[in-house]
Each structure stands twice: as C-alpha cells, then as structure tokens.
Amino acid sequence: IIENHCAVFKVVVRGIDSAESFVIDTLRVHELPHAVIYSDGDHVKHSINKLSLNQQNYREELIFYLRIGPHFRFSPEHWTIQSGFIELLLLSASDEEDESHASPMRLFIAGGKSTAGKSSFCLALMMALIERFKIPPCNLSYIKPATQCEAEQPITRFCRNNHIACVPIGPVVYYKGFTRAFLSGETPSSEHFLQQVVNAVQAVGVGSRLQLVDGVGYAAVGSLCGLSNAHVALALRCPALLMGKAGVGDAVDSYNQDSAYLRLHGVPLLGAVFNRLPTNGFYSLAGCKTPVETYFRTQRPQEMPYGFIPDVAGGGEEGFEQRLLQAVLDHVDLERLIFDIWRYHLFLNVKSYGAPSPILLPVKRPSPAAPVESRGVKRSRVEIEQQAMQQGAKGS
C-alpha cells in the first residue's frame, strides 16, 4: 500500500524471501517512514544495510519485527488502497481472535497542571479519528480514572452523543479531606483504589481498539496516596503523552520536570504535544517550534514532539470544538502518535521477544506507597467532606 508517499507493508510468508525482494528490489522501498513488518525471510535480513533510516531508531525496530511476524492479526481484505494508515493500525491492534477479550491500545494523557489541555486534546483526538480518519466510534473508549473536578466536561457530552464508551468520573475522586482521611487510614488502601481503576478501565475498554486515559492535574497529583498519574499509568501498562506549555525554556524545563517523575516510576513516555502557543510575538508558535524540536532531536531522540497547537480562543462558545479539531489536524502528527501507541501495544502483547529498548517498557514498579501501618475505621465521603469544609477546606 502506498498512500501519500507513506508505505506500510505486511509480509505474511515465513522462510521465503520473494515478498521481501519485491518490496525492496522492485518497489525500491528503502525507507521506513512509519511501520514495516517483515517475515523471517533471509532476503530482508541481508538487506537491512540498504535501508535509509530516519531519525527514529528503526534499525533496532526492524530487527525486532523480524522475530514477531506470526503474532499479528491482519486479514487480506484489510489491505486495500482505500484503507487509511490509522485504520490499519487499529485493525491490527489486537492479537486475540475473540474481540470481546482483546485489550485495546491505550494512551495515558498527562500534563503539567490542571489546565494543561488534557481533556481538550482527548476530545480533539477522538473527533479527528472519527471525522478525518473515519474510525467508527465503537472502536474508541475514554475514561478519567482519577479526578479533582466532577463537573461535566465537553468530552463527556461528545462521547455520549456519539455512543462512545465513556467513564468521565472514575473510582478515584480527590474530594475535600480525602488525603488527610487516607493518611488517617479512614479510606481504602492505594492497592484497593488501583485495582478499582484497572477494573474500570478494562470494563469500559471492552470491544474498543483505542482507549484514551485522561490524567489529573500534574504528574505527581495523588502521590501521597500512591495514586499519582504515574502509579495509574503503570498499573494500566500504557504509555504516556505529556501536554506541554507554550514557550521554549519554560516548555522544555516543565516537560523535563514532569517526565522525570513518570520515568522515575517506570512509565514509558512517548513525548509531548505543546499547547496554547500564541500566533504572534516572541513566544509564537512559529518562533518556539523549531528550538523545541531541536532540543528533542538532540537531547531526547527517543521521545517525540508530536505537535504545537496554537491558542484556540472561545472555550465553551459555539464552534470552539471544530476550531480545536482543525488546530490539532493542522499542527499535530496524529499518524505518528497512533503508530507509536501501536508500537508500544505491540511490544506489550507479543509473548516471544527479546528485550526492547527500556524506554518502551516499564523498567521498575513503584512501591504501593500506602503511608499508614494499618487502615483504621472507615468513614464515608460525606462525613469526610463535611468535616473538611467545617475546618475550612477549599477546592472542589
């Protein structure tokens, strides 16, 4: 398949190199722009040095792919010139014959603060997958497993209107007095909450191909209870994407701060989307994009700046969602993002592989971090919140 100068191949034979020969010698495909999956034929093994590889480390990936051909579920009817790249990745996401038991690809959206644009990006990404890439809504699911705000968000209405499986408020709610009650042993343990999160995520994801997991606040929110974004992402075994700030120095420094916390807990980090950049001035999108891309290319080559979204004014006004969608379509490399999610899902589900790069798989598991010796007498949320409010607690 060659679409828009993007080649994607699946070779289904094993031990025969005629298909690889056709790809390399006849079609003269000497680049790996997105995803190339070969069988164990000898021809391609001897042709690796012919390939012109781009900035990502495709040499390691190609050698890795040589060992995993039989684990992909691709039917010939899927391979048509009309099939889009993202559709093909979603179709191949599961290695389960019974779709009801298949695990969807997952992406955890983290951010540097509570208004970084995590939920808005989830909304725009879902809109793009449905409207631009023609992905059926039934192939998508969304959950916010932990939250500080229980007000209905635009993405909740979008999911409801489009019949997308959605859990807008998950098992963990940081209501007034929650953390002090946790420290006093008056709530269930962190292990209990994490298991509830895993159960909720698995339940809402049944039957979907791609699941978006919306984070809460900045990366370390909930760390006191062992329920930070890093704890949740690792429990769900999914990679993270950070929603970054505008600017250059502040954007990179903030990214490094939040990504360091995620890496500390072994969460695989794909990269970032930088949000709300002005269209004019010293800190404009045009002025900041190249320096930040240069930093990633030279200092963080395993992570990707997938895009730089201009500030979209008029949140909550009519037409805002379509303007946001257009901004994301124009300024974010969605095909690359979905491919990288798929690539991690591939590594996660293939049973017989050698060790991939540690950046792609969790390398350590955080401690449960239940900071009390024993859980005491439990109190209800109503009781905890009433006491907290009487003592002057603020927030939602």
For a side chain to side chain contact (heavy atoms under 4.5 Å, CB included) check, start with the C-alpha distance between C225 and T179, then their side-chain angles and the critical distance, and finish with the verdict. CA-CA 7 Å; C225 309; T179 52; 4.1 Å; yes

Could you label the plane-to-plane angle of the Y261 and H265 rings as parallel, tilted or perpendicular, counting under 30° as parallel and over 60° as perpendicular? tilted

If you round to the nearest 0.5 Å, how far is CZ of R106 from CZ of R209? 14.5 Å

Charged N-O contact under 4.0 Å between R297 and E303: no

Show, in sequence, the C-alpha distance, side-chain angles and deciding distance for Q257 and D253, and conclude whether the side-chain hydrogen bond (donor to acceptor under 3.5 Å, both in side chains) test is met. CA-CA 6 Å; Q257 176 177 271; D253 292 345; over 6 Å; no

Who passes salt bridge (Lys or Arg N to Asp or Glu O under 4.0 Å) against D250, sequence neighbours left out? K245

Using modelled atom types and a 3.5 Å cut-off, is there a donor and acceptor pairing between side-chain atoms of S223 and backbone atoms of A220? yes

Here the gap from R237 atom CZ to S103 atom OG, rounded to the nearest 0.5 Å, amounts to 8.5 Å

Starting from the C-alpha separation in whole Å, work towards a yes-or-no answer on salt bridge (Lys or Arg N to Asp or Glu O under 4.0 Å) for E383 and K176. CA-CA 10 Å; E383 293 172 324; K176 298 181 183 71; over 6 Å; no

Show me the side-chain donor-acceptor pairs of residues 119-126 shorter than 3.5 Å, one per line, residues at least two apart or across chains.
unit_1, atom_1, unit_2, atom_2, d
S119, OG, D214, OD2, 2.5

When rounded to the nearest 0.5 angstrom, what distance separates CE in M304 from CG in L269? 12.5 Å

Quick check: closest heavy atoms across V267 and A240, and the distance to 0.1 Å? CG1-CB, 3.9 Å

If I take atom CZ from residue F193 and atom CG from residue L227, how far apart are they, to the nearest 0.5 angstrom? 7.0 Å

Passes side chain to side chain contact (heavy atoms under 4.5 Å, CB included), V382 versus Q386? Steps please. CA-CA 6 Å; V382 172; Q386 285 179 344; 3.6 Å; yes

More than 12 heavy atoms of other residues, nucleotides or ligands under 6.0 Å from CZ of R323: yes or no? yes

Indicate yes or no: at least one non-hydrogen side-chain atom of P305 is less than 4.5 angstrom from one of Y255. no

Under the criterion side-chain hydrogen bond (donor to acceptor under 3.5 Å, both in side chains), which of R263, R300, Q299 is the partner of N256? R300

So that I know where these two stand, are Y344 and F339 an aromatic pair - ring centroids less than 6.0 Å apart? no

Please tabulate, for the side chains in residues 276-289, all donor-acceptor contacts under 3.5 angstrom to protein atoms that are two or more places apart in sequence or on a different chain.
unit_1, atom_1, unit_2, atom_2, d
R276, NH1, T115, O, 2.3
S284, OG, G281, O, 3.1
S284, OG, G287, N, 3.1
K289, NZ, E293, OE1, 3.4
K289, NZ, E293, OE2, 2.9

Give the minimum heavy-atom separation between G111 and A116, together with the two atoms involved. CA-CB, 4.2 Å

We want to know whether S189 and H192 form a side-chain donor-acceptor pair, criterion being a heavy-atom distance below 3.5 angstrom. no

Is there side-chain contact between F178 and I384, with at least one heavy-atom pair below 4.5 Å? no

Please determine which of L236, V232, L234, V172 meets the side-chain contact (heavy atoms from CB on, under 4.5 Å) test together with L194. V232

Any pair with a residue in residues 194-217 that passes ring pair (Phe, Tyr, Trp, His ring centres under 6.0 Å), sequence neighbours left out, goes on the list, sorted by first then second residue, please. none

Identify each donor-acceptor pair in which a side-chain atom of residues 153-171 lies under 3.5 Å from a protein atom, sequence neighbours left out, and give them as a table.
unit_1, atom_1, unit_2, atom_2, d
Q153, NE2, A151, O, 3.1
R157, NH1, E152, OE1, 3.4
R160, NH1, E152, OE2, 2.9
R160, NH2, E152, OE2, 3.3
N161, ND2, R157, O, 3.2
N162, ND2, F158, O, 2.8

Measuring only between side-chain heavy atoms, which start at C-beta, is L210 closer than 4.5 Å to N139? no

Between Y306 and R336, does the side chain to side chain contact (heavy atoms under 4.5 Å, CB included) criterion hold? Intermediate values first, please. CA-CA 8 Å; Y306 292 98; R336 179 60 200 243; 3.8 Å; yes

Atom pair OG/CG of S254 and L242 - distance to nearest 0.5 Å: 10.0 Å

Heavy-atom pair of closest approach, residues P104 and G205: CG-O, 3.8 Å

Would you say F308 and H331 make side-chain contact, with heavy atoms under 4.5 Å? no

Using modelled atom types and a 3.5 Å cut-off, is there a donor and acceptor pairing between side-chain atoms of T147 and backbone atoms of E150? no

Determine which pairs satisfy ring pair (Phe, Tyr, Trp, His ring centres under 6.0 Å) with at least one residue from residues 195-228, sequence neighbours left out, and list them in order. none

Side-chain donor-acceptor contact under 3.5 Å, Q195 with N199: yes

Okay, side chain of S184, backbone of E186: is any donor-acceptor separation there less than 3.5 Å? no

Please check this pair: side chain of Q211 against backbone of V201, looking for a donor-acceptor N/O pair closer than 3.5 Å. yes

Tell me, do F182 and Y174 make a side-chain contact under 4.5 Å, heavy atoms counted? no

Any side-chain heavy atom of P301 within less than 4.5 Å of one from F296? no

Give the C-alpha distance, both sets of side-chain angles, the deciding distance and a yes or no for side chain to side chain contact (heavy atoms under 4.5 Å, CB included) between Q148 and V221. CA-CA 10 Å; Q148 295 170 307; V221 165; 4.1 Å; yes

Give me the atom names and distance for the closest heavy-atom approach of V292 to V248. CG2-CA, 4.1 Å

Is the shortest side-chain heavy-atom distance between L262 and F108 below 4.5 Å? no

Are any of the side-chain heavy atoms of L107 and V213 separated by less than 4.5 Å? no

How many angstroms lie between CD in E191 and NE2 in H231, if you round to the nearest 0.5 Å? 9.5 Å

